[in-house]
Every structure is written in structure tokens, then in C-alpha cells.
Q: 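Can you read through this structure? Questions will come right after.
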Amino acid sequence: MVRSTTDRGGDGSLRLELYARRDAFGARTQQQRLFERVRRLEGRSGIEGTRVRRWPDRIIADETTAVVGLVREFETWAMEHDRSLEPCFGRREVEPGFADERYEQIVLPIVCLAVYRDGRLDRVAPHVDGGRPYTVPDCIAELEERPDVSDDGPPRRSDTLVSR
């Protein structure tokens, strides 16, 4: 069941969406720590809501799925802000042994954080900016330190979705 988070719109409120791979063997502890840090942010003023979603380890680039649409949204953001999602979102050509057709596959990062401000994508982590990596922990730390994201607000709404 999917529960949506409503944007208040126009007030600078943030919505955080954390995506985590299902197959993250060896990274579960790190994922859990990031989940907990995002959850701690949700009670602060300036944070409209949080959502945690599971996503697959890889997708076919030309499929019409919600995850492909999400990756395209992230790619558009990266181009508009002179950032790169490579190598975080790895692309590779795949040639199955049983067919003549090749296809492009996108390998998704183990964890990704999308930050929306007033319903518009504001930033994506991980990404590369001028050769410097910007990680999910970097993004969360930045949010934790922001003066407009404080502990004095009312509780915010949180949604969790685990895809199967």
C-alpha cells in the first residue's frame, strides 16, 4: 500500500525520499543507520515528510517503469545543475546470449536520497560535483546542520513503502 505525503507548497518545506537496494548484502547496517538519521530529521520543522522505498539493484533503461522515470528525473536534475550521477548510477550495455538485441542496464546505488523542496526536486545524493563525490551521509549531515530545519516544529508525516 502506498501512502502519499502532501506538499504544503510554497513555504520551503522539504520532503525526503530515501531509496535502498533490496540486495545490499553487507550494507544493511549502513542502510539502517541512514534510515534512522532520516527518521530523526522528520520531527523537525522545515521537513514536511519522509519516505523510505526499496528499489531493485538494476533496471533496463528503456523500460516504462516508475523507477526508470525516477532515474530520468534525477538525470534531468543532474544536467540542470552541472552534476553527474556517474559512477553512482552505473550504465552498461548487456547482450543476452539468447538474442541478438542489446540493451542498456542501469545499476542503482545501494542507497540514494532525493530531497524535494515545495514538491520540486532540490537535490539527489549520491552524485559527483566537479570531480567531488557528494554522498547520502553528506546530504543528511547538511540537512542536520541547516538552521531552517530545526527541532521546534510539530511532528511531520512519515511514510514507508517497501516494494516486493
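Nothing fancy with the numbering, it's 1 onward along the sequence.
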Q: Can you list the residues that meet the ring-ring contact (aromatic ring centres under 6.0 Å, His included) rule with Tyr19, with sequence neighbours excluded?
A: Trp55

Q: Considering only residues two or more places apart or on different chains, which pairs with a residue in residues 62-73 satisfy side chain to side chain donor-acceptor pair (under 3.5 Å)?
A: Glu73-Tyr116

Q: Is there side-chain contact between His127 and Trp77, with at least one heavy-atom pair below 4.5 Å?
A: yes

Q: In the structure I gave you, are the side-chain heavy atoms of Val136 and Leu18 within less than 4.5 Å of one another anywhere?
A: yes

Q: Which residues pass the ring-ring contact (aromatic ring centres under 6.0 Å, His included) test with Phe74, sequence neighbours left out?
A: none

Q: Apply side-chain contact (heavy atoms from CB on, under 4.5 Å) to residues Leu16 and Ile47 and explain how you reach the verdict.
A: CA-CA 8 Å; Leu16 312 178; Ile47 304 291; 4.3 Å; yes

Q: Could you check whether Arg51 pairs with Glu17 (Lys NZ or Arg NE/NH1/NH2 to Asp/Glu carboxylate O, under 4.0 Å)?
A: yes

Q: Are Pro137 and Arg37 packed together at the side-chain level, in the sense that at least one heavy-atom pair is separated by less than 4.5 angstrom?
A: yes

Q: Using the side-chain hydrogen bond (donor to acceptor under 3.5 Å, both in side chains) criterion, which residues pair with Asp138? Sequence neighbours excluded.
A: Thr135

Q: Look up atom CG in Leu85 and atom OG1 in Thr76, then write down how far apart they are to the nearest 0.5 Å.
A: 9.5 Å

Q: Identify all side-chain donor-acceptor contacts of residues 103-115 below 3.5 Å with residues at least two apart in sequence or on another chain.
A:
unit_1: Glu104; atom_1: OE1; unit_2: Arg91; atom_2: NH1; d: 2.9
unit_1: Glu104; atom_1: OE2; unit_2: Arg91; atom_2: NH1; d: 3.3
unit_1: Gln105; atom_1: OE1; unit_2: Arg58; atom_2: NH1; d: 3.3
unit_1: Gln105; atom_1: OE1; unit_2: Arg92; atom_2: NE; d: 2.9
unit_1: Gln105; atom_1: OE1; unit_2: Arg92; atom_2: NH2; d: 2.8

Q: One pair to check against side-chain contact (heavy atoms from CB on, under 4.5 Å): Tyr134 and Arg123. What are the steps and the verdict?
A: CA-CA 10 Å; Tyr134 182 75; Arg123 77 188 81 157; 3.8 Å; yes

Q: Distance check, rounded to the nearest 0.5 Å: Glu48 atom CD versus Arg117 atom CZ?
A: 13.0 Å

Q: Any side-chain heavy-atom pair from Val52 and Arg39 closer than 4.5 angstrom?
A: yes

Q: List the steps and the verdict of side-chain contact (heavy atoms from CB on, under 4.5 Å) for Ser13 and Asp118.
A: CA-CA 6 Å; Ser13 63; Asp118 296 329; 4.0 Å; yes

Q: What's in the same ILVMFWY side-chain cluster as Val128, cut-off under 4.5 Å, chained through other members?
A: none

Q: CG of Leu121 to CD of Glu80: how many Å apart, nearest 0.5 Å?
A: 9.0 Å

Q: Starting at OG of Ser84, measure out to CE of Met79 and round the result to the nearest 0.5 Å.
A: 11.5 Å

Q: Is there a side-chain contact between Leu41 and Ile140 (heavy atoms, below 4.5 Å)?
A: yes

